[in-house]
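Below is one structure, written out as C-alpha coordinates, with a few remarks after it.
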Amino acid sequence: QVQLVESGGGLVEAGGSLRLSCAVSGSRFSINALGWYRQAPGNQRELVAIITSGGITNYADSVRGRFTISRDNAWNTVYLQMDSLKPEDTAVYYCKLSAGGYMYTYWGQGTQVTVSS
(Lines give C-alpha, C1' and ligand atoms only; values in the text may rest on other atoms or scores of the structure.)
Protein backbone atom coordinates (compact mmCIF):
# COMPACT_ATOMS: atom_id res chain seq x y z
CA GLN A 1 0.00 0.00 0.00
CA VAL A 2 1.39 3.35 -1.04
CA GLN A 3 2.03 5.80 1.76
CA LEU A 4 2.98 9.45 1.44
CA VAL A 5 3.85 11.25 4.65
CA GLU A 6 4.50 14.98 4.58
CA SER A 7 6.48 16.77 7.26
CA GLY A 8 8.29 20.04 7.85
CA GLY A 9 5.40 22.45 7.99
CA GLY A 10 5.03 25.07 10.68
CA LEU A 11 4.84 28.75 11.47
CA VAL A 12 7.42 31.12 10.01
CA GLU A 13 7.74 34.87 9.57
CA ALA A 14 7.56 36.44 6.14
CA GLY A 15 10.93 36.20 4.43
CA GLY A 16 11.80 32.99 6.20
CA SER A 17 12.33 29.47 4.92
CA LEU A 18 10.92 26.00 5.42
CA ARG A 19 11.76 22.66 3.89
CA LEU A 20 8.94 20.18 3.40
CA SER A 21 9.56 16.46 3.01
CA CYS A 22 7.36 13.80 1.49
CA ALA A 23 8.37 10.27 2.47
CA VAL A 24 7.30 7.73 -0.13
CA SER A 25 6.82 4.02 0.48
CA GLY A 26 4.99 1.03 -0.91
CA SER A 27 4.66 1.87 -4.59
CA ARG A 28 4.44 -1.30 -6.69
CA PHE A 29 4.54 0.63 -9.94
CA SER A 30 7.15 2.82 -11.52
CA ILE A 31 6.86 6.36 -10.26
CA ASN A 32 6.25 8.90 -13.00
CA ALA A 33 6.13 12.15 -11.04
CA LEU A 34 5.54 13.71 -7.68
CA GLY A 35 3.98 17.07 -7.18
CA TRP A 36 3.51 19.42 -4.29
CA TYR A 37 0.09 21.06 -4.11
CA ARG A 38 -1.42 23.53 -1.69
CA GLN A 39 -4.86 24.56 -0.60
CA ALA A 40 -5.69 27.71 1.33
CA PRO A 41 -9.08 28.16 3.04
CA GLY A 42 -11.75 28.98 0.47
CA ASN A 43 -9.45 28.23 -2.44
CA GLN A 44 -9.06 25.30 -4.79
CA ARG A 45 -6.08 23.02 -4.47
CA GLU A 46 -3.34 24.22 -6.79
CA LEU A 47 -0.12 22.79 -8.14
CA VAL A 48 2.99 24.36 -6.61
CA ALA A 49 5.82 22.29 -8.09
CA ILE A 50 6.35 18.97 -9.80
CA ILE A 51 9.29 16.71 -10.58
CA THR A 52 9.24 13.85 -13.06
CA SER A 53 11.16 10.60 -13.20
CA GLY A 54 13.36 12.22 -15.80
CA GLY A 55 14.23 15.05 -13.45
CA ILE A 56 12.16 17.67 -15.20
CA THR A 57 10.76 20.27 -12.83
CA ASN A 58 8.04 22.85 -13.19
CA TYR A 59 6.71 25.52 -10.87
CA ALA A 60 3.70 27.73 -10.44
CA ASP A 61 4.47 31.28 -11.47
CA SER A 62 3.75 32.46 -7.93
CA VAL A 63 6.62 30.41 -6.46
CA ARG A 64 9.15 30.20 -9.29
CA GLY A 65 12.51 31.47 -8.11
CA ARG A 66 11.59 31.01 -4.44
CA PHE A 67 10.75 27.30 -4.16
CA THR A 68 12.84 24.31 -5.23
CA ILE A 69 11.63 20.74 -5.62
CA SER A 70 14.10 17.87 -5.45
CA ARG A 71 14.21 14.16 -4.74
CA ASP A 72 16.64 11.43 -3.87
CA ASN A 73 17.49 8.92 -6.60
CA ALA A 74 15.40 6.14 -5.09
CA TRP A 75 12.23 8.25 -4.76
CA ASN A 76 12.30 7.64 -1.00
CA THR A 77 11.86 11.30 -0.22
CA VAL A 78 10.86 14.37 -2.20
CA TYR A 79 11.61 17.81 -0.84
CA LEU A 80 10.19 21.28 -1.30
CA GLN A 81 12.60 24.00 -0.22
CA MET A 82 10.63 27.18 0.33
CA ASP A 83 12.54 30.46 0.63
CA SER A 84 11.43 34.09 0.84
CA LEU A 85 8.07 32.96 2.14
CA LYS A 86 5.11 35.31 1.90
CA PRO A 87 1.84 35.39 3.86
CA GLU A 88 0.04 34.30 0.69
CA ASP A 89 1.99 31.04 0.81
CA THR A 90 -0.05 30.05 3.86
CA ALA A 91 -1.89 26.82 3.09
CA VAL A 92 -2.00 23.10 3.69
CA TYR A 93 0.65 21.52 1.47
CA TYR A 94 0.08 18.06 0.00
CA CYS A 95 2.24 15.73 -2.05
CA LYS A 96 0.74 13.69 -4.86
CA LEU A 97 2.37 10.68 -6.45
CA SER A 98 1.65 9.53 -9.99
CA ALA A 99 2.68 6.01 -10.97
CA GLY A 100 2.07 3.22 -13.45
CA GLY A 101 2.04 5.45 -16.50
CA TYR A 102 0.00 8.05 -14.62
CA MET A 103 -2.77 5.52 -14.10
CA TYR A 104 -2.47 5.66 -10.33
CA THR A 105 -2.38 8.70 -8.06
CA TYR A 106 -1.91 8.89 -4.33
CA TRP A 107 -2.12 11.79 -1.90
CA GLY A 108 -0.52 12.49 1.43
CA GLN A 109 -2.41 13.82 4.43
CA GLY A 110 -1.00 17.34 4.19
CA THR A 111 1.11 19.61 6.35
CA GLN A 112 0.18 23.12 7.44
CA VAL A 113 2.39 26.06 6.49
CA THR A 114 1.61 29.41 8.06
CA VAL A 115 3.53 32.56 7.15
CA SER A 116 3.02 35.55 9.42
CA SER A 117 3.40 39.12 8.20
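Throughout, residue positions are numbered sequentially from 1 according to the sequence presented.
- Here the closest heavy-atom approach between residue Ala91 and residue Ala40 is recorded as CB-N, 3.8 Å.
- Scanning for salt bridge (Lys or Arg N to Asp or Glu O under 4.0 Å) contacts around Arg66 gives Asp89, with sequence neighbours left out.
- Between Ile69 and Asn58, every side-chain heavy-atom pair lies at or beyond the 4.5 Å cut-off.
- Judged by distance alone, the side chain of Thr90 and the main-chain N or O of Val115 form a donor-acceptor pair under 3.5 Å.
- Taking the side chain as every heavy atom from C-beta outward, Ile51 and Ile56 never approach each other to under 4.5 Å.
- Here the side chains of Val12 and Thr114 are not in contact, with every heavy-atom distance at 4.5 Å or above.
- Considering every non-hydrogen atom in both Glu6 and Tyr94, the closest pair reads OE2-CA, 3.3 Å.
- Linking ILVMFWY residues whenever their side-chain heavy atoms come closer than 4.5 Å, directly or via other members, leaves Tyr106 and Val92 in distinct clusters.
- At least one side-chain heavy atom of Met82 sits under 4.5 Å from a side-chain heavy atom of Leu20.
- Across all non-hydrogen atoms, the minimal contact from Pro87 to Ala14 is CD-CB, 4.1 Å.
- Ser98 and Asn32 share no side-chain donor-acceptor pair at under 3.5 Å.
- A centroid separation of less than 6.0 Å is found between the aromatic rings of Trp107 and Tyr37.
- Here NZ of Lys96 is found 14.0 Å from CH2 of Trp36. Values are rounded to the nearest 0.5 Å.
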side-chain contact (heavy atoms from CB on, under 4.5 Å) between Thr57 and Ile50, worked out:
CA-CA 6 Å; Thr57 59; Ile50 191 167; over 6 Å; no
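- Under the 4.5 Å side-chain contact rule for hydrophobic residues, Leu34 and Tyr102 do not share a cluster.
- Inter-residue side-chain proximity for Leu80 and Val48 is flagged as met; some heavy-atom pair is nearer than 4.5 Å.
- Heavy atoms only, all atoms of each residue included: Asp83 and Ser17 are closest at OD1-OG, 2.8 Å.
- Both tests hold for Arg71 against Trp75: distance to the six-membered ring centre under 6.0 Å, angle to the ring axis within 45°.
- Looking only at side-chain heavy atoms (C-beta outward), Val24 and Asn76 stay at 4.5 Å or farther from each other.
- Aromatic ring pairs are classed by plane angle as parallel below 30°, tilted from 30° to 60° and perpendicular above 60°; the pair Phe29 and Tyr104 is parallel.
- By the 4.5 Å heavy-atom criterion applied to side chains, Arg45 and Arg38 are not counted as neighbours.
- The two residues Leu47 and Ala60 have their closest heavy-atom pair at O-CB, 3.5 Å.
- Put simply, OG on Ser117 and CD on Glu13 are 9.5 Å apart, with the number rounded to the nearest 0.5 Å.
- Residues Leu85 and Leu18 meet the side-chain proximity criterion, which asks for heavy atoms closer than 4.5 Å.
- Under the side chain to side chain donor-acceptor pair (under 3.5 Å) criterion, Asn73 pairs with no residue, sequence neighbours left out.
- Remark: Arg19 qualifies as a cation-pi partner of Tyr79 under the 6.0 Å distance and 45° angle criteria applied to the six-membered ring.
- Shown here for Gln109 and Leu4, the closest heavy-atom pair between the two residues is OE1-O, 3.4 Å.
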